[in-house]
Amino acid sequence: QVQLAESGGGLVQAGGSLRLACAASGRTFRPYVMGWFRQAPGMEHEFISAITWTGSTYYADSVKGRFTTSKDNAKNAVYLQMNSLKTEDTAVYYCAADLQYGNPWVRNDYDYWGQGTQVTVSS
(Lines give C-alpha, C1' and ligand atoms only; values in the text may rest on other atoms or scores of the structure.)
Protein backbone atom coordinates (compact mmCIF):
# COMPACT_ATOMS: atom_id res chain seq x y z
CA GLN A 1 0.00 0.00 0.00
CA VAL A 2 1.28 3.43 -0.99
CA GLN A 3 -0.12 6.72 0.17
CA LEU A 4 0.55 9.97 -1.66
CA ALA A 5 0.04 13.49 -0.38
CA GLU A 6 0.38 16.68 -2.40
CA SER A 7 1.26 20.05 -0.93
CA GLY A 8 2.26 23.49 -2.10
CA GLY A 9 -0.87 24.63 -3.86
CA GLY A 10 -2.34 28.05 -3.32
CA LEU A 11 -3.21 31.36 -4.89
CA VAL A 12 -0.68 33.15 -7.05
CA GLN A 13 -0.79 35.94 -9.60
CA ALA A 14 -0.12 35.32 -13.25
CA GLY A 15 3.60 35.23 -13.94
CA GLY A 16 4.36 33.91 -10.49
CA SER A 17 5.68 30.58 -9.33
CA LEU A 18 4.69 27.70 -7.11
CA ARG A 19 6.36 24.46 -6.19
CA LEU A 20 4.25 21.42 -5.56
CA ALA A 21 5.50 18.47 -3.59
CA CYS A 22 4.26 14.92 -3.45
CA ALA A 23 5.34 12.80 -0.53
CA ALA A 24 4.98 9.05 -0.58
CA SER A 25 4.61 6.78 2.39
CA GLY A 26 4.34 3.06 2.83
CA ARG A 27 6.64 0.11 2.54
CA THR A 28 9.28 -0.13 -0.12
CA PHE A 29 8.52 2.61 -2.60
CA ARG A 30 10.16 2.49 -5.97
CA PRO A 31 7.70 3.59 -8.61
CA TYR A 32 8.38 3.15 -12.26
CA VAL A 33 6.85 6.57 -12.91
CA MET A 34 5.72 9.47 -10.77
CA GLY A 35 3.32 11.66 -12.66
CA TRP A 36 1.45 14.92 -12.33
CA PHE A 37 -2.04 15.49 -13.66
CA ARG A 38 -4.46 18.34 -13.30
CA GLN A 39 -8.16 18.93 -13.70
CA ALA A 40 -9.53 22.38 -14.33
CA PRO A 41 -13.20 23.21 -13.72
CA GLY A 42 -15.33 21.63 -16.41
CA MET A 43 -12.31 20.05 -18.08
CA GLU A 44 -10.97 16.55 -18.49
CA HIS A 45 -8.08 15.17 -16.49
CA GLU A 46 -4.91 16.38 -18.16
CA PHE A 47 -1.41 14.97 -18.12
CA ILE A 48 1.15 17.54 -17.05
CA SER A 49 4.48 15.91 -16.37
CA ALA A 50 6.17 12.74 -15.21
CA ILE A 51 9.53 11.43 -14.10
CA THR A 52 10.74 7.85 -14.18
CA TRP A 53 12.90 6.12 -11.62
CA THR A 54 15.85 6.56 -13.96
CA GLY A 55 15.26 10.30 -14.15
CA SER A 56 13.67 10.61 -17.56
CA THR A 57 11.13 13.40 -17.71
CA TYR A 58 8.04 14.03 -19.79
CA TYR A 59 6.02 17.20 -20.24
CA ALA A 60 2.79 18.21 -21.83
CA ASP A 61 3.16 20.85 -24.52
CA SER A 62 1.08 23.25 -22.47
CA VAL A 63 3.66 23.38 -19.68
CA LYS A 64 6.91 22.61 -21.46
CA GLY A 65 9.50 25.25 -20.71
CA ARG A 66 7.57 26.53 -17.70
CA PHE A 67 7.23 23.51 -15.43
CA THR A 68 9.98 21.24 -14.19
CA THR A 69 9.57 17.97 -12.35
CA SER A 70 12.21 16.46 -10.13
CA LYS A 71 12.54 13.85 -7.42
CA ASP A 72 14.37 13.13 -4.22
CA ASN A 73 14.55 9.41 -3.71
CA ALA A 74 15.91 9.74 -0.19
CA LYS A 75 12.81 11.69 0.80
CA ASN A 76 10.40 9.61 -1.28
CA ALA A 77 9.23 12.83 -2.83
CA VAL A 78 8.59 14.27 -6.24
CA TYR A 79 8.28 17.95 -7.06
CA LEU A 80 6.72 20.14 -9.68
CA GLN A 81 8.24 23.58 -10.05
CA MET A 82 5.77 25.81 -11.84
CA ASN A 83 7.03 29.08 -13.26
CA SER A 84 5.44 31.75 -15.42
CA LEU A 85 2.03 30.64 -14.28
CA LYS A 86 -0.99 31.50 -16.38
CA THR A 87 -4.63 31.78 -15.43
CA GLU A 88 -5.31 28.68 -17.50
CA ASP A 89 -3.06 26.72 -15.14
CA THR A 90 -5.76 27.00 -12.51
CA ALA A 91 -6.75 23.47 -11.56
CA VAL A 92 -6.57 20.78 -8.96
CA TYR A 93 -3.20 19.12 -9.29
CA TYR A 94 -2.70 15.44 -8.53
CA CYS A 95 0.38 13.32 -8.18
CA ALA A 96 0.29 9.66 -9.05
CA ALA A 97 2.55 6.63 -8.86
CA ASP A 98 2.85 3.89 -11.43
CA LEU A 99 4.47 0.82 -9.92
CA GLN A 100 4.35 -1.15 -13.14
CA TYR A 101 5.69 -0.60 -16.60
CA GLY A 102 3.36 1.94 -18.13
CA ASN A 103 3.16 5.03 -20.26
CA PRO A 104 3.70 8.21 -18.22
CA TRP A 105 0.93 10.10 -20.00
CA VAL A 106 -1.75 7.43 -19.55
CA ARG A 107 -3.88 8.09 -16.51
CA ASN A 108 -5.14 4.54 -16.17
CA ASP A 109 -1.60 3.18 -15.97
CA TYR A 110 -1.10 4.72 -12.54
CA ASP A 111 -1.71 2.67 -9.42
CA TYR A 112 -1.91 5.27 -6.65
CA TRP A 113 -3.19 8.82 -6.48
CA GLY A 114 -3.02 11.69 -4.07
CA GLN A 115 -6.04 13.73 -3.05
CA GLY A 116 -4.99 16.77 -5.05
CA THR A 117 -4.01 20.32 -4.24
CA GLN A 118 -5.68 23.43 -5.58
CA VAL A 119 -3.68 25.88 -7.66
CA THR A 120 -5.38 29.15 -8.49
CA VAL A 121 -3.72 31.70 -10.76
CA SER A 122 -5.26 35.14 -10.78
CA SER A 123 -4.88 37.87 -13.38
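Using a 4.5 Å heavy-atom threshold, the side chains of Thr117 and Leu20 count as touching. By the 4.5 Å heavy-atom criterion applied to side chains, Leu4 and Tyr94 are not counted as neighbours.
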*Begin from the C-alpha positions of Val33 and Asp109 and carry the test side chain to side chain contact (heavy atoms under 4.5 Å, CB included) through to its verdict.*
CA-CA 10 Å; Val33 178; Asp109 282 358; over 6 Å; no
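For the pair Thr69 and Tyr79, the tightest heavy-atom approach, listed with the atom from each and the gap, is OG1-O, 2.9 Å. The minimum heavy-atom distance linking Pro31 with Ala97 is given by the pair CB-CB, 4.2 Å. In terms of heavy atoms, Ser17 sits closest to Gln81 at CB-NE2, 3.9 Å. The two residues Glu6 and Cys95 come nearest to each other via the heavy atoms OE2-N, 2.9 Å. When all heavy atoms of Leu18 and Val119 are compared, the closest pair comes out as CD1-CG1, 3.9 Å.
Judged as a salt bridge (charged side-chain N to carboxylate O under 4.0 Å, His left out), the pairs with a partner in residues 52-72 (not counting sequence neighbours) are, in order, Asp61-Lys64, Arg66-Asp89.
Connection of Tyr93 to Leu11 is not established within any shared hydrophobic cluster, with ILVMFWY side chains joined at heavy-atom distances below 4.5 Å, either directly or through further cluster members.
Take Ala60 and apply the side chain to side chain contact (heavy atoms under 4.5 Å, CB included) test, not counting sequence neighbours, and it matches Phe47, Ser62, Val63. Shown here are the side chain to side chain donor-acceptor pair (under 3.5 Å) partners of Gln39, two or more places apart in sequence or in another chain: there are none.
We find the CD1-CE distance between Ile48 and Met82 to be 8.0 Å, quoted to the nearest 0.5 Å. To the nearest 0.5 angstrom, Leu99 atom CG is 5.5 Å from Tyr112 atom OH. Taking CZ from Arg19 and OG1 from Thr68, the interatomic distance works out to 12.0 Å, rounded to the nearest 0.5 Å. Distance check, rounded to the nearest 0.5 Å: OH of Tyr59 to CG of Leu80 gives 7.5 Å.
Relative ring orientation between Trp113 and Phe37 is described as tilted, the plane-to-plane angle lying within the 30° to 60° band.
Judged by distance alone, the side chain of Tyr110 and the main-chain N or O of Gly102 form no donor-acceptor pair under 3.5 Å. Between the side chain of Thr57 and the backbone N or O of Ile51, no donor-acceptor pair lies under 3.5 Å. In terms of modelled atom types and a separation under 3.5 Å, the side chain of Ser49 and the main chain of Tyr58 share a donor-acceptor contact.
For Gln115, the CD atom is loosely surrounded, since the number of other residues' heavy atoms within 6.0 Å does not exceed 12. Applying the 6.0 Å contact sphere to CD of Glu88 captures more than 12 heavy atoms from other residues, nucleotides or ligands.
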